[in-house]
Number of protein chains: 2
Amino acid sequence: MEENKHVTIYDIAERLNLATSTISRALKDHHTISDKTIKKVKKTAEEMGFVPNTLAAGLRGNKTRTIGVLIPTVTQPFLSSLISGIEITAQKSDYTVIIMQSHDSYEEEVNMAKSLYSNRVSGVICSLAMETRDTAHFHQFSNNNIPLVFVDRVPKDYNTFRVVIDNYTAGYKATKHLIEQGCIRIAHLTAGSELGNLYNERKRGYIEALKDHNITVEEELIINLNSVTYEDGVKASNALFDLKPMPDGLFAPGDILAVSAVQTAKKRGIKVPEEFKVIGFNNDPISQIIDPNLSTITHPAEKMGKAAAEIIIKNLKSSKNDDAKEITFLNTEVLARESSQK
Amino acid sequence: MEENKHVTIYDIAERLNLATSTISRALKDHHTISDKTIKKVKKTAEEMGFVPNTLAAGLRGNKTRTIGVLIPTVTQPFLSSLISGIEITAQKSDYTVIIMQSHDSYEEEVNMAKSLYSNRVSGVICSLAMETRDTAHFHQFSNNNIPLVFVDRVPKDYNTFRVVIDNYTAGYKATKHLIEQGCIRIAHLTAGSELGNLYNERKRGYIEALKDHNITVEEELIINLNSVTYEDGVKASNALFDLKPMPDGLFAPGDILAVSAVQTAKKRGIKVPEEFKVIGFNNDPISQIIDPNLSTITHPAEKMGKAAAEIIIKNLKSSKNDDAKEITFLNTEVLARESSQK
DNA sequence: TATTTTTACGCAACCGATTGCAATTGTTGT
DNA sequence: ACAACAATTGCAATCGGTTGCGTAAAAATA
């Protein structure tokens, strides 16, 4: 038990007086190996504590059965659910998942992409960093036939797989919901990001919903944020509450922002939802904790993860280098809870 | 740009009429290679889009500069902060981090451990799954001289590095704080886990604090949970509120549980902190969102991550197989906020 | 029994970077 | 100008599975 050397197929081969090729094949139930030998090899491998060296296999076969996941952070509920979905699907097909965080930094994203490529992952699933404006660092995957799937925060003009929600429609639905609840002066927070156009899309839905209901779009009610953080949300909320007349509703494109607005309102003695109705986005766990419970838009994170992983695996299986890099759209729904009730 | 083959040092060697050994050395500034050659090689490598194949290097050198992180889930704030700490330290020494989730399942933990070993990680940082009772699947690391550090949820009798907080003292401090705030009938939630003895330790601290302040320990005030979830917290809280006389304080060994208690109290019209004071554990982000703000015990997640990674890296550097597998204790503090105020 | 077809296994090259040692070129001293 | 030594670079084995092809043995057919 106290050896200090990895057990290899050579060790097994020597012990059983067989060739390493036989061991290798036996371990994966190759049909040219007799059942008797297979059983014997497996038993011995087990006894000797053999664990295959994936580096060697990956080097030789140039495939590692590993899916690289490159996301801004694992802490956002949406993203950790995404991971969860990826893992569930990957595990079914015996793929390993390795996770790397860009921390929304372009530089880190470039480094981690290189690292994933360096590790010869079989496929890559990525949600872009906020900072990222240029996607040249993903060419190494595309050029080498490594399937690449962007999820949620996707580049606009990159011919590869994408799994997204229809942010325009979601924004429209959210705003329409507030209108139906009686709001006539609805504010909106947004964030500028040229590549990940999802905030722009949500904003577009917001504007279109207002127009469709004959509500004038007022620039002062639309606040552009630098970052989607609690602090920025508080700042923006205060700015909104300082307006007169005050807005009577808010569509926040993220639950953290929505929560910050609710809490800022409470601090200022503004009653939610009586005086100010709020709807968020994502259905983060926190939306059910905060008082009043937050209305929100569902974001099918786990499903998106599963879809992305399935695309990778399917693509790897067929290995047809078909140029049809389709975009997968998943549905969202309005979850009407307390914070937006009439 | 449309090649379909990875660029290798052989390609560079051919282009420059040099040996692969020279390329290899030049790329890592080996002193036996002239500056002129180094410059030339690096420039060409850059031009050709060379990215080293870590599989090949790892296979040959039997070291991958990769730290495997095996934790229950990435979604818990404590654990994602832990990861963050690990990454910061790893990056400084140019190590790659790969993250795997056991989902608190023993079986998955065993599989992922095998996978990490199979990938020949240089070191392993692990926080045990709730289900885990047996740690034999970690022997493969210990036996092969792969540094192994357990963090937070650690096995009691395993001779390896451990990074933990003093859960006993933390529990003592939390309880003492409630007593100082005037509580005389303090409830406690706990969870049974033989290996990860941290809940037991906190409970021990709770009991000792009561004793030291001449408060009788009452069994009915201590509720044993199956799982540390919001739902179980609600159930337990209701049970506590049904008691008469009702407890006037609660030390919950996790913020989720504390939050569930606060919300259950609110639902039943029990005023927090006036009638019922609560202190949680971990200082999760949610503790600052909930109203009233939650008093809690800090859990230095990022520091623990950094410490664990440093141990791995230091151990790998010295490669002295010293048998001193010390246990690192980090400090915790009482964070007195609204939910426990007099 | 001789011959063809299966079945089962062995041989050896290969993946790409690393490294001990040998070989070559360049420098310095006498 | 030549030996002695230092500075560079090349050769070839190595890490551990994988796989195309070849071959011996067993089974099927003539």
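Just so we're on the same page: letters track the sequence lines, and every chain starts at 1. Just so it is clear, the values below take in all heavy atoms, side chains as well, and ignore hydrogens, waters and symmetry mates.
One atom, CD1 of Ile23(B), and another, P of dG16(C), lie 15 Å apart when rounded to the nearest Å. Atom P of nucleotide dT14(D) and atom CG of Leu55(B) are separated by 22 Å, given to the nearest angstrom. The interatomic distance linking Glu14(B) (CD) with dG16(C) (C1') rounds to 15 Å, in whole Å. Spacing between atom CG of Leu18(B) and atom C1' of dA17(C) amounts to 16 Å, rounded to whole angstrom units. In this structure, the OH atom of Tyr117(B) is 10 Å from the P atom of dG16(D), given to the nearest Å. Going from atom NE2 of His31(A) over to atom C1' of dT7(C) covers 10 Å, rounded to whole Å. Residue His30(B) contributes atom NE2, which lies 8 Å from atom P of dT19(C) at whole-angstrom precision. Rounded to whole angstrom, the span from the CD1 atom of Ile12(B) across to the C1' atom of dA17(C) amounts to 11 Å.
Among the protein residues, Lys36(B) comes within range of no part of the nucleic acid, since none of its heavy atoms lies under 4.0 Å from any strand. Contact annotation for Asp11(A): no contact, since no heavy-atom pair falls under 4.0 Å across all strands. If you check every strand for non-hydrogen atoms under 4.0 Å, Thr37(A) touches sugar and phosphate atoms only. Across all strands, Asn17(B) comes closer than 4.0 Å only to sugar-phosphate atoms, never to a base (heavy-atom distances).
When ring centroids are compared, Phe150(B) and Phe161(B) stay outside the 6.0 Å threshold.
Over its length, the helix from dT4(C)-dA27(D) to dT30(C)-dA1(D) turns its helix axis by 50°, as judged from the five terminal pairs at each end, rounded to 10°.
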I'd like a list of close polar pairs between nucleotides 12-15 of chain C and the protein, N/O only, cut-off under 3.5 Å.
unit_1: dC14(C); atom_1: O2; unit_2: Arg60(A); atom_2: NH1; d: 3.0
unit_1: dC15(C); atom_1: O2; unit_2: Arg60(A); atom_2: N; d: 3.2

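Between the side chains of His103(B) and Glu109(B), no donor-acceptor pair of N or O atoms lies under 3.5 Å.
For Ser34(A), no side-chain nitrogen or oxygen approaches OP1 or OP2 of dT7(C) to under 4.0 Å. Using a 4.0 Å cut-off, no side-chain N or O of Lys63(B) falls inside it from OP1 or OP2 of dT18(C). Not one side-chain nitrogen or oxygen of Thr32(A) sits closer than 4.0 Å to the OP1 or OP2 atom of dA8(C).
In this pair, Tyr117(A) and Phe141(A) present their aromatic rings perpendicular. The plane angle is above 60°, beyond the 30 to 60° band.
Shown here is Glu47(A), whose CD atom has more than 12 heavy atoms of other residues, nucleotides or ligands within 6.0 Å.
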